[in-house]
Amino acid sequence: MPIPLFNSIASWLLKKRYHQIELFLKYPGEVQEEVLFQLLGIAEDTKIGREHEFDSIKSYKTFAERIPIVSYEEIEPLIERTRRGEQNIFWPTTIKWFAKSSGTTNAKSKFIPVSAEALEDCHYKSGKDLLCLYLNNNENSQLFAGKSLRLGGSKELYEDNGTFFGDLSAILIDNMPFWAELSSTPSSRVSLMSEWETKMNAIIKESIHENVTSLAGVPSWMLVLLNQVLEKTGKQDLFEIWENLEVYFHGGVNFNPYLEQYHNLLPKKSFNYYEIYNASEGFFAIQDRNNADDLLLMLDYGIFYEFIPMETYGSLDQKVIPLWEVEEHKNYAIIITTNSGLWRYKIGDTVRFTSTNPYRIKITGRTKHHINAFGEELIIENAEEALRNSCQKTGAEIMDYTAAPIFMSGNEKGAHEWIIEFRKAPEEIEYFTEVLDNALKSINSDYEAKRYNSMTLKMPKVHMARKNLFYDWLKSKGKLGGQHKIPRLSNDRVYVDELLEMNK
């Protein structure tokens, strides 16, 4: 089929989906309730369904009273039974795929069930919706005239007891619809390579002569790939290689620390950046407007959402609310019920609603990835906004970072200790530290209170990381590439102490 014709047909089909999206924009509560009762009806004859009498649940109130909130550790035994081949425990159709996830760099892996329904009605549907929303906002797009350069996980799929596990991206690529395979580069063979550094060279070799019109992948790892592309070609920017490049679809980590570096690689004001919010457990939200900094929560992917206000999270007064009770500008932990059989599951992410008509969110961090050793409640959103401000004022560029508390000892006050790998270092690290401290004070009133006259917290301590420190650290743990991330904030010193030792 000629490319212009394919482009026209694909655009027409994808835009038709926009009318369905408009339905949940108009009736969000009704659509979410419909999703919940569909899930309960489908799973009523499973082990979980019979135990909790799904067939008699007729209201959200009963659902919330009858089914407990759970963490991965609490449902791990049931997941392990399914991995060994036992079925119909938490979902009626056969579950043979498990997305292996360690969250960040924890030694213990999680195996998240991925049903056929989740693949089709959540993950692949979201891929089509991402294109649909982008095309709806960019009617002159020539996206389908070329290919999407995708950068997925570095793990192969492994078979175990008749079930398969691997990175979510590997599962998606292995089951990819033909239309997605035709419009992607590199090939599935290269995408599924397990050795990261060999894979990077193979991606460049396969993709360098393609007509690449879009990029898709985690910003930190995509940056490594794109810099290698420029190094190998000797070009100044990416448009000299792929002149029709028009959009980068990104997710997985906050994009703000990387934005200036991408502007240097892609120096066209017309170039678009579109953020997504996906995880092993499901695909949740998509940027639905050009140049927006929030994401539209997608409500018809077979996922029912609940939220815990972070001021009550983990306390005796913990409160769980449905979507239609959330408020703007509050920080919430997300609870999901899914078409892979996760029932009221804590995924560990936190979000803030920028709008409730429609429901748009910003990802603010992780329930476990924050620093609150002194009551300062520093979350990732605070940290990355402060770093962005600091880079703007000092001309610095950041590659990676992590931070942890320095605990009080004797008469010594506490502090925060940062390890930052700069792409472009500030002229004076002492001035950068001062600017960072002031930015954190202006953003987080709890931090400001603890820093007042250094009564509880002293000035932060910032270390400049050697080149490739974080890369080498991840490599030492066998976690290069794809979905593996640096733990940004931690309430203990495990990561920081390991990195400081490697930084000597």
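Excluded from the calculations below are hydrogen atoms, water molecules and symmetry mates; all remaining heavy atoms, backbone and side chain alike, are included. These numbers were taken from a predicted model, which means no experiment stands behind them.
- Not one N or O on the side chain of Tyr495 forms a donor-acceptor pair closer than 3.5 Å with the backbone of Leu489.
- Contact between Thr312 and Lys319 at its shortest, heavy atoms only, is OG1-N, 3.2 Å.
- With contacts defined as side-chain heavy-atom distances shorter than 4.5 Å, the pair Leu135/Tyr18 does not qualify.
- Judged purely by atom type and a 3.5 angstrom limit, Glu376 uses its side chain to pair as donor or acceptor with the backbone of Phe374.
- Not counting sequence neighbours, the partners of Thr163 by the side-chain contact (heavy atoms from CB on, under 4.5 Å) test are Arg83, Phe98.
- Separation of atoms OG (Ser187) and CE (Met193) is listed at 7.5 Å; rounding is to 0.5 Å.
- The salt bridge (Lys or Arg N to Asp or Glu O under 4.0 Å) contacts involving residues 86-95 comprise Arg81-Glu86, where partners must be two or more places apart or lie in separate chains.
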Legend entry - Verdict with supporting geometry, Glu381 and Arg352, side chain to side chain contact (heavy atoms under 4.5 Å, CB included): CA-CA 10 Å; Glu381 184 184 36; Arg352 175 168 49 82; 2.3 Å; yes
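- For Ser476, the side-chain contact (heavy atoms from CB on, under 4.5 Å) partners are Trp473, not counting sequence neighbours.
- Of the residues listed (Asn331, Ile443, Thr350, Ile371), the one engaging Ile379 in a side-chain contact (heavy atoms from CB on, under 4.5 Å) is Asn331, and it is the only one.
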Legend entry - Verdict with reasoning, Phe144 to Leu131, per side chain to side chain contact (heavy atoms under 4.5 Å, CB included): CA-CA 10 Å; Phe144 292 110; Leu131 299 176; 3.7 Å; yes
Inset, instruction - Please test Leu342 against Ile112 for side chain to side chain contact (heavy atoms under 4.5 Å, CB included), starting from the C-alpha separation and ending with a verdict. - result: CA-CA 9 Å; Leu342 297 175; Ile112 306 299; 4.3 Å; yes
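- A donor-acceptor distance shorter than 3.5 angstrom exists from the side chain of Tyr124 to the backbone of Asn175, with no hydrogens or angles considered.
- Using a 4.0 Å cut-off between charged nitrogen and carboxylate oxygen, Asp121 and Lys125 do not count as a salt-bridge pair.
- Between Tyr471 and Trp221, some side-chain heavy-atom pair lies under the 4.5 Å cut-off.
- Closest non-hydrogen pair, Ala279 versus Leu168, comes out as O-CD2, 3.3 Å.
- Shown here for Met298 and Ala285, the closest heavy-atom pair between the two residues is CG-CA, 4.1 Å.
- Counting all heavy atoms, side chain and backbone alike, Leu149 lies closest to Ser207 at CD1-OG, 3.4 Å.
- Glu65 and Thr62 form no side-chain donor-acceptor contact under 3.5 Å, judged by distance and modelled atom types alone.
- With sequence neighbours left out, Ala292 forms a side-chain contact (heavy atoms from CB on, under 4.5 Å) with Gln287, Arg289, Asp294.
- With Tyr274 as the partner, the side chain to side chain donor-acceptor pair (under 3.5 Å) test is satisfied by one option alone out of Asn291, Asn137, Asp288: Asn137.
- Of all the heavy atoms in Ala383 and Leu378, the pair that sits closest is N-CD1, 4.3 Å.
- Going from atom CG of Leu225 over to atom CG of Asn201 covers 10.0 Å, rounded to the nearest 0.5 Å.
- Note that CG of Leu297 and CD of Gln32 are 7.0 Å apart. Values are rounded to the nearest 0.5 Å.
- Residues Phe255 and Tyr262 place their aromatic rings such that the two centres sit under 6.0 Å apart.
- The pair Lys147-Glu206 does not count as a salt bridge, with every side-chain nitrogen at least 4.0 angstrom from each carboxylate oxygen.
- If you check the side chains of Tyr401 and Glu384, you find a donor sitting under 3.5 Å from an acceptor.
- Ring geometry for Phe63 against Tyr60 counts as tilted: the plane angle lies between 30° and 60°, on a 0 to 90° scale.
- Put simply, the side chain of Tyr72 gets close to the backbone of Phe111: a donor and an acceptor are under 3.5 Å apart.
- The main-chain N or O of Gln142 is found under 3.5 Å from a side-chain atom of Glu246 such that the two form a donor-acceptor pair.
- Minimum heavy-atom separation, Arg150 to Ser191: NE-OG, 3.1 Å.
- With sequence neighbours left out, the side-chain contact (heavy atoms from CB on, under 4.5 Å) criterion links Glu159 to Phe164.
- Between the side chain of Asn138 and the main chain of Ser141, no donor-acceptor pair closer than 3.5 Å is present.
- No donor-acceptor distance shorter than 3.5 angstrom exists from the side chain of Asp167 to the backbone of Ser169, with no hydrogens or angles considered.
- The existence of a salt bridge linking Arg50 and Asp55 is excluded, since no basic side-chain nitrogen approaches an acidic carboxylate oxygen closer than 4.0 Å.
- Counting only heavy atoms from C-beta outward, the side chains of Leu143 and Val247 approach each other to under 4.5 Å.
- Remark: Cys122 SG to Asn278 CG distance equals 9.0 Å, nearest 0.5 Å.
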Inset, instruction - Check the pair Ile308, Val320 against side chain to side chain contact (heavy atoms under 4.5 Å, CB included), reporting the backbone distance first and the verdict last. - result: CA-CA 5 Å; Ile308 302 175; Val320 185; 3.9 Å; yes
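- Here Leu133 contributes atom CG and Asn290 contributes atom CG; the two are 10.5 Å apart, rounded to the nearest 0.5 Å.
- The CG atom of Leu40 sits 9.5 Å away from the NZ atom of Lys58 when rounded to the nearest 0.5 Å.
- Between Tyr359 and Tyr305, the distance separating the two ring centers is not shorter than 6.0 angstrom.
- The closest donor-acceptor contact from the side chain of Glu74 to the backbone of Ser71 lies under 3.5 Å.
- Using a 4.5 Å heavy-atom threshold, the side chains of Ile48 and Phe54 count as touching.
- Proximity of Met222 to Val224: side-chain heavy atoms (C-beta onward) are nowhere separated by under 4.5 Å.
- At least one side-chain heavy atom of Phe470 sits less than 4.5 Å from a side-chain heavy atom of Thr402.
- Proximity of Glu44 to Ile57: side-chain heavy atoms (C-beta onward) are nowhere separated by under 4.5 Å.
- Sorted by first and then second residue, the side chain to side chain donor-acceptor pair (under 3.5 Å) pairs involving residues 333-345 (not counting sequence neighbours) are Ser115-Ser340, Glu306-Arg344.
- Within the 4.5 Å cutoff, the side chain of Pro113 has no heavy atoms near those of the Trp91 side chain.
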